[in-house]
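Bear in mind the structure is a predicted one, so any value in this text is a computation, not a measurement.
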Amino acid sequence: MLMNTHNIKSDFLFEQASTAQLVLDPYQDKVVAVNLAVSRLIGLEQADIYAMSASQLFYNCFAELIVFTEETITSGIAWCDHLLIRTAESELRVEITASIHIESERSYIFMTLQPADEIEAYRGQSDAHRHYKSGISHWERISRVFSEFERENQLILDSAGEGIYGVDIQGVTTFVNPAAERILGYSKDELAGLNIHNMVHHTHADGSHYPINDCPIFEAIRDGKVHKVEDDVFWSKSGKAIDVEYTSTPIRENGMIVGAVVIFHDVSERKKDKKRLLDALNEVKTLKTQLEMENAYLQEEIESEFNHHQIVGKSPAIQATLKQIELVAPTEATVLISGESGTGKELIARAIHDISDRSNRPLIRVNCAAIPDELFESEFFGHMKGSFTGATSDKPGRFEIADGGTLFLDEVGEIPLHLQSKLLRVIQEQQFERIGDTRTRNVDVRIISATNRDLYKQVLAGDFREDLYFRLNVFPIESVPLRERQDDIPLLTQHFLNRAIKRNKKSDLRISLNELEKLKQYHWPGNIRELENIIERQVILSQGQHIRFDNLLASYQPVDNNNELNTDKILTEDDFRRQDKLNIISALKFCNGKLFGKDGAAELIGIKPTTLASRIKKYQIDRNSFKFSD
């Protein structure tokens with residue numbers, strides 16, 4: 001009988017009990033009695049425990065303690081395994097069996113405490129042993145089937161390279177062969193009597209739970225059919241996922257399904273080999289794609305008329321340019337070619353590439369003026385499939401295709417300011433990432449750029465990055481306009497005439513010295529490209545053996561070649577720009593605002609459509625106002 005606190009404390013049997021026992025006064029929130037086992041369990045002295053209130057002792061779960069004591073008071077006895085008791089270092093989850101005792105109209109709660117995790121471990125061992133014995137007993141009841149199977153196939157089971165195991169209709173393991181032990185890492189004793197799905201097939205390869213009801217192995221037991229799976233994983237004892245393919249075959253006795261036999265193969269190495277093969281095929285595919293794109297770009301270049309041409313001329317200006325080409329070509333220096341449209345800047349770039357150490361790799365040309373802002377990164381750096389709408393496949397960019405060769409940035413001054421930093425980074429570091437890809441790719445690309453603008457003026461105006469300008473302008477080359485190399489006009493004229501005759505299947509045509517002089521008098525705003533176009537047009541229109549330029553050049557102001565300067569006839573750059581603008585307006589009127597294609601203003605003037613579009617923008621000409629004009 002509990003008479004008072006002193007009697008409880010001095011009770012020898014209570015004090016020396018092997019289990020931790022605790023007495024609480026739920027209404028006074030007091031620790032009434034605590035034995036030595038409690039002190040050992042939580043690592044606190046008895047005096048320290050007595051100094052605490054019940055709520056302090058269970059401080060982290062006070063609300064749960066109240067619910068538990070109410071249950072004990074109401075039911076007379078209660079059990080829980082979720083309360084946390086304070087310890088010397090932290091806290092401990094305990095399993096508590098409690099009962100209510102009333103003495104002298106006062107209620108006391110007697111608690112027996114055990115460490116919950118430790119008790120659960122003991123129970124797990126006991127359950128495993130009980131399941132094992134139950135499994136053995138169950139196994140014995142159907143031993144005729146599986147014993148006969150093992151006995152008849154013992155040699156096969158022992159020598160087979162495939163993993164083989166049997167399960168009954170509950171999924172409990174009945175036998176395991178040596179190969180299965182080796183592959184899974186479990187001994188047959190560790191698996192006997194246990195549900196093998198929960199041991200080795202509990203989780204998908206992606207880490208998600210694998211419900212036993214979805215397992216094809218047990219589907220064979222339910223529907224009596226053989227189930228074959230070619231891509232799955234079993235989990236080894238060490239927690240490693242093993243790639244497997246398996247067949248689950250139902251086993252019958254007297255027409256009743258009593259279990260299944262599973263034969264499985266470890267296909268991890270096969271999958272690795274397959275992945276290596278696929279990676280190699282993808283690499284070949286990537287290289288094939290790159291070669292196809294290189295071929296497409298090169299074909300595009302071949303079809304461009306200027307690419308057939310060599311640099312023609314003997315004038316001092318052109319000889320100076322050729323000397324610069326010979327000096328810079330063997331180096332890795334970046335080159336900036338500046339000059340008016342149609343002066344042959346691309347020919348200079350190609351000549352540099354052709355006599356450089358990179359001539360066995362392609363020269364890839366990019367018309368910077370023709371690339372929309374939103375496609376800039378994709379065009380230059382490439383993209384991965386699905387990285388944006390319309391990206392239906394992986395695509396290498398121009399930098400990647402030019403790897404080992406030369407990248408020619410034509411009309412580089414047209415690149416918008418906000419995109420120039422991205423280009424600068426790649427030029428400096430020779431590294432980039434495709435859109436939608438995290439892999440950094442390294443390239444070895446030489447940069448040659450060209451512009452018809454004054455880039456330094458653009459730098460001063462804040463329209464071009466200064467650091468990019470100096471990075472591109474390591475070795476500047478000026479592409480001389482045709483009006484400054486008039487001595488080359490006869491050579492160029494004959495060169496273009498021969499080509500035009502051959503292309504248009506004409507008979508032998510000639511240009512007289514008098515007509516050549518007329519060509520030399522013209523100021524050629526469209527430069528070499530304009531000369532070529534005019535000659536081809538006249539070849540097409542020719543009726544006899546001689547080509548004349550009277551009507552064609554009648555509207556143009558000739559240049560005075562007199563050694564004596566005549567300021568009334570010398571044209572300044574502003575004069576040229578005004579005349580160029582008027583010339584474009586006249587062409588737009590004549591073509592009803594049509595820029596590109598046959599009979600367009602670009603063809604009429606003899607310049608590239610992109611160059612014409614750039615000049616229209618520069619001169620602020622509204623081409624729409626010329627559409628359908630009379």
Near Leu277 CG, under 6.0 Å, is it more than 12 heavy atoms from other residues, nucleotides or ligands?
-> yes

What about the rings of Tyr246 and His201, do their centers lie closer together than 6.0 Å?
-> yes

Report yes or no: does Asp488 contribute a side-chain atom to a donor-acceptor pair with the main-chain N or O of Ser315 at less than 3.5 Å?
-> yes

Asp206-Ser208 side chain donor-acceptor pair, cut-off 3.5 Å = yes

Sequence neighbours excluded, which residues qualify as salt bridge (charged side-chain N to carboxylate O under 4.0 Å, His left out) partners of Asp266?
-> none

Partner of Arg465 under side-chain contact (heavy atoms from CB on, under 4.5 Å), chosen from Val459, Leu472, Leu417, Leu423 = Leu417

For Ala370, does its backbone N or O pair with a side-chain atom of Glu414 as donor and acceptor, under 3.5 Å?
-> no

Tell me, yes or no, whether the heavy-atom count around Glu429 atom CD, taken from other residues, nucleotides or ligands under 6.0 Å, exceeds 12.
-> yes

Does Thr406 offer a backbone N or O that forms a donor-acceptor pair with the side chain of Arg361 under 3.5 Å?
-> no

For Arg358, what residues pass the salt bridge (charged side-chain N to carboxylate O under 4.0 Å, His left out) criterion, not counting sequence neighbours?
-> Glu332, Asp444

Just by distance, do the side chain of Gln545 and the backbone of Arg510 share a donor-acceptor pair under 3.5 Å?
-> no

Distance-only, no hydrogens or angles: does the Thr334 side chain make a donor-acceptor pair with backbone N or O of Arg471 under 3.5 Å?
-> yes

Can you check salt bridge (charged side-chain N to carboxylate O under 4.0 Å, His left out) on Arg425 and Glu433, steps first, answer last?
-> CA-CA 11 Å; Arg425 172 184 171 259; Glu433 295 82 34; 3.4 Å; yes

Give a yes or no on this: more than 12 heavy atoms of other residues, nucleotides or ligands lie within 6.0 Å of atom CZ of Phe470.
-> yes

Hey, does the side chain of Arg398 reach the backbone of Arg365 with a donor-acceptor pair shorter than 3.5 angstrom?
-> yes

Going through the distances and angles, do Glu377 and His383 end up as a side-chain contact (heavy atoms from CB on, under 4.5 Å)?
-> CA-CA 8 Å; Glu377 288 187 77; His383 62 254; over 6 Å; no

4.5 Å side-chain heavy-atom contact, Tyr210 and Val233 = no

Would you kindly say whether Asn442 and Gln431 are connected by a side-chain donor-acceptor distance under 3.5 Å?
-> yes

Modelled atom types, side-chain donor and acceptor of Asn583 and Gln579, under 3.5 Å = no

Distance from His265 atom NE2 to Arg270 atom CZ, nearest 0.5 Å?
-> 7.5 Å

